[in-house]
Amino acid sequence: MAADFLVSLVAILFILSLLPGSTSLPTTVGATYSASTVATYGTPPAPDCVARAVSSLGLSALRLDASDPAMIRAFLYSNTSLLLTIPNQLVPPLAANRSNALRWLYIHVIPFYPRTNIGTISVGNDLLESSPDFFTFLLPAIRNLRLSLQDLGIHRISVSTTFSFINVITTAFPPSNAQFQEPAVDTVIRPLLQFLRDTNSSFLINLYPYNLYKMRSEIPIGFPLFQEHPFGFRDDLTTGVRYRNLFDMMVDAVISAMAVAGYENIPVIVTETGWPSYSTDPAEIDANPVYAEMYIKGLLFHLRSGKGTPLRREGVAETYIYELLDKQVRQGRNWGILYPNLTSKYKEIQYSGSDCGGLFDILIMAVGQFLVFALLAW
């Protein structure tokens, strides 16, 4: 009788340990830190202050869209993983000569790595849209940077480039119909996907449900905000998949487009996503702090669930919230999760761990202690 009781306790303890969201996020969650944001400040925040703010939020990663060596240095010996970005204007010189790639690495990587955890380098950001004349230089620049890392004996930093969803994907719905836009698919994307597969690297994508929602008036507001309603879903009749949020739909559109191009299993990193808390355009009534908080909370809860997306059980490898800090501008939108004084905009959001993790930890501890006492009594 006592033995059966103890077996039951062990079984309960094991089941509790498997409950989702008990300790950490399955997906690495970070934020972006933008040079264009820093440029709007008379006195930008000191790198050490930024590093402390990232740590206090519990973010495990930071994406730098301009890889300032002082900012990289601020994360020495920290647990924060950095995703560095090489500006678009440097892509042609990197493609022309590998020594230029080595020079960049000697300034931005060698003085800090591995004491600073640098995981990925993006060669350019949305280059096909921002600098279309440079697209022929993109893959040679990526290859030169990769070869330079190997020459230096660095094998754990992956190299890729960042695309914008709206600029490279033909359609978001149904995801099964998504393809990469011409002519980029043959000239840039398919050769890049081959490189990513050969080097075990990730496909990087800026993905904004807000922007797609603004473009498609038929999308109900709850769909991009992760709000579940009885009829708040969309069915992909080709795959038989039901979508309950716009984020999953857009990620699966990227996955489908890669499959059509002949590359199915390349990891995906969402390098930018978010919701504006303010806009100077009075027509953008959906750019408000209530919806922004709903989006971030819904996104974190979804990532925390470990469900992935309908087409990819493991989901995305990393997700970066745009952006860490509000800009100081007279025109445009504010996306920051921090105010200019580095205080948190959303008091109820936990960027790491689990909202319910504490309850499960308490239950597991209580059952464990009870098991110990039972064994001693037995």
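Worth knowing before you read on, the calculation uses all heavy atoms, side chains too, and leaves out hydrogens, waters and symmetry mates.
- Aromatic ring pairs are classed by plane angle as parallel below 30°, tilted from 30° to 60° and perpendicular above 60°; the pair His302 and Phe226 is tilted.
- The two atoms that bring Ile166 and Gln181 nearest to each other are O-NE2, 3.4 Å, heavy atoms only.
- With 3.5 Å as the limit, one finds a donor-acceptor pair spanning the side chains of Thr271 and Asn206.
- Side chains of Tyr208 and Glu272: a donor-acceptor N/O pair is present below 3.5 angstrom, by distance only.
- In this structure, the side chain of Asn288 engages the main chain of Ile285 through a donor-acceptor pair within 3.5 Å.
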* Decide side chain to side chain contact (heavy atoms under 4.5 Å, CB included) for Tyr33 and Arg63; before the verdict, give the C-alpha distance in whole Å, the side-chain angles of both, and the deciding distance to 0.1 Å. => CA-CA 6 Å; Tyr33 189 66; Arg63 175 177 177 252; over 6 Å; no
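- Minimum interatomic distance between Thr80 and Leu62 (heavy atoms only, all atoms of both residues): CG2-N, 3.9 Å.
- Ring geometry for Tyr213 against Trp275 counts as tilted: the plane angle lies between 30° and 60°, on a 0 to 90° scale.
- Scanning both residues, Asn177 and Thr170, for their nearest heavy atoms gives O-OG1, 4.1 Å.
- Judged by distance alone, the side chains of Ser160 and Ser201 never bring a donor and an acceptor atom under 3.5 Å apart.
- Between the side chains of Asp65 and Ser34, at least one donor-acceptor pair of N or O atoms lies under 3.5 Å.
- Between the side chain of Asn334 and the main chain of Ser277, no donor-acceptor pair closer than 3.5 Å is present.
- Side-chain rings of Tyr243 and Phe233 stay apart, their centers remaining 6.0 Å or farther from each other.
- No donor-acceptor distance shorter than 3.5 angstrom exists from the side chain of Ser256 to the backbone of Ala253, with no hydrogens or angles considered.
- Aromatic ring orientation, Trp335 versus Tyr210: perpendicular (interplanar angle above 60°, classes split at 30° and 60°).
- Shown here for Phe165 and Met250, the closest heavy-atom pair between the two residues is CE1-O, 3.2 Å.
- A cation-pi geometry, defined here as NZ or CZ lying under 6.0 Å from the six-membered ring centre and within 45° of its normal, does not hold between Arg244 and Phe223.
- With His108 contributing its side chain and Trp104 its backbone, the two residues share a donor-acceptor pair below 3.5 Å.
- In this structure a side-chain-to-backbone donor-acceptor pair under 3.5 Å is missing from Asn167 to Glu129.
- Aromatic rings of Phe247 and Tyr295 (six-membered ring for Trp) have centroids beyond the 6.0 Å cut-off, not under it.
- Considering all non-hydrogen atoms of both residues, Ser344 and Leu57 come closest at OG-CD2, 4.3 Å.
- The main-chain N or O of Leu204 is never found under 3.5 Å from a side-chain atom of Ser202 such that the two would form a donor-acceptor pair.
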